[in-house]
Amino acid sequence: MPDAAPHAAVPPRPVRTLDEHAAAVLALAGPTPVQAVPLADALGLALATDVASTVDLPPWDNSAMDGYALRATDLVAGAVLDVADDVPAGDTRSVHVPAGAAVRIMTGAPLPAGADTVLPVERTDGGTGRVRVDDVVAAGAHVRRRGEDVRAGQVLLRAGDVLGAGALGLLAATGHARVDVHRRPRVAVVSTGSELVAAGQPLAHGQIHESNGVQLAAAARAAGAEVVDVVVVPDDVRAVQDALAALAARADLVVTTGGVSVGAYDVVRDALTAVGAAELVHVRVQPGRPQATGRLADGTPVVALPGNPVSAFVSFEVFVRPLVRHMLGASRTRRRTLRARLVGEVRSPQGRRQLLRGALDLSGPEPRVAAVGGPGSHLLGALATADALIDLPEPVTHVTPGQTVTVIDLREHDA
Ligand SMILES: Nc1nc2c(c(=O)[nH]1)N[C@H]1C(S)=C(S)[C@@H](COP(=O)(O)OP(=O)(O)OC[C@H]3O[C@@H](n4cnc5c(N)ncnc54)[C@H](O)[C@@H]3O)O[C@H]1N2
Ligand code: MOO
């Protein structure tokens, strides 16, 4: 048995609302440095500057159909026209359509000078030397005009926009090979607890498999971070201090779990307090009541989350994820919310905001959500099925079936 640490007198902690603590965490760090990266490396990163098009799109008038480019005045049902030339996509010649003739053209090829209309091949006999007009189209039909989509100089994306597949395609189409983005925030995850044993190892009585580190490293990556280290440290203040000091040089942000409560072995509390720049608070939220923030000697911010796995999961979502998004340079740091009808009933403690794990059902005419896993912050069993948090305001104590609740949507929307 370890030398028993005495229960120290418990100093009262400042009490905050969820929004107050989220604001305090968000203020710990700003966006990371900017770097120019090739488009292929930019998925999921946030733009550091507004980006404008370098070209008109389309860059020149071109055909929307495979067919024949001609003058609308020559379009008469039954007419037979000479086919003066053949313009496939990628043809860089300047081609001209003489009056009374047609030029065979493929989708995306430049419209020949003189032509104003494209007659789709289906409305002809498909001839190559001469072509018969079986059916007419309106003047100007099937021509895609220069600049009708995007103008050169037009701002396409704003600083803070997160680049998904569509944005990357647009950047490539408008002449950009590289973009200025914020680099991924470097996050280190520290799990504390002498009871923790790595997944896959046998357990002695009193030991459990470490899961917060695995879970939060994945959540940090999903939020856009580069996870530089995941370490497990026993309940020893010195060991925690050494681990934090070693990570300071490599990480922009350190996230810890465990040891922030009032117990005799709550070592993160003591390690952060020893560094000096720590705030230990109680947040009026369930789960996630004990929370701390701090700075290491070199200024690296630390966000300390409670050890209960559900508390760590929910606390990461509402406190750490917005900070990671902010460091990434994203202008939208919060998850989307929606209103959904509650399936079943739930209860919530008076005076504490409650974030219940929920399963969303979007298959019907209106969104529905059911609480999963129970309110206990040790109840991991349903963590994998939760794709939402049911957000119950502080005064709410009881919600009956069919009532509408606010739901934080945990499904990934950004790349
Ligand atoms: N006397 C009081 N006791 C507790 C209070 C309180 O106000 N007064 N608050 C409770 C609440 S609420 C929470 S939440 C927890 C938070 O405590 P800690 O942050 O100090 O967490 P630990 O005690 O280290 O661990 C709690 C629980 O979670 C398990 N755990 C911890 N780390 C991991 C990990 N990496 N992987 C898996 N499981 C982990 C740990 O074994 C404990 O079961 O304090 C309450 N107590
Ligand atoms: O506040 Mo604790 O996080 O309920 O288990």
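Below, each value reflects all heavy atoms present in this structure, side chains not excepted, and no hydrogens, waters or symmetry copies. In listed order, ligands and their atoms are each counted from 1.
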*Output yes when the distance from some N or O of ligand 1 to some N or O of R289 is under 3.5 Å, and no in every other case.*
yes
*Of all heavy-atom pairs between R357 and A386, which one has the smallest distance, and what is that distance?*
CB-CB, 3.7 Å
[X] with [Y]: basic N within carboxylate O range, under 4.0 Å:
X: R353; Y: E394; result: no
X: D409; Y: R335; result: no
X: R183; Y: D41; result: no

*Quick one: which ligand 1 atoms are inside 4.0 Å of a heavy atom on P306?*
14 (S), 16 (C), 19 (O)
*Quick one: does P290 get a heavy atom under 4.0 Å from ligand 2?*
yes
Any idea which protein heavy atom is nearest [atom], and the distance to it?
atom: atom 8 (N) of ligand 1; result: V262 CG2, 3.4 Å
atom: atom 35 (N) of ligand 1; result: E210 OE2, 2.8 Å
atom: atom 40 (C) of ligand 1; result: E195 OE2, 3.1 Å

*Rounded to the nearest 0.5 Å, what's the gap from CG on L296 to CG on L272? Could you check?*
7.5 Å
*Taking only heavy atoms of S377 into account, list the atoms of ligand 2 that are under 4.0 Å away from them.*
2 (Mo), 4 (O), 5 (O)
*Pull out every atom of ligand 2 sitting under 4.0 Å from any heavy atom of R289, numbered as shown with elements.*
1 (O), 3 (O)
*From the candidates P349, G376, G288, S261, the one that places a heavy atom nearest atom 3 (O) of ligand 2*: G288
*What part of Q354, side chain, backbone, both or neither, has a heavy atom within less than 4.0 angstrom of ligand 2?*
neither
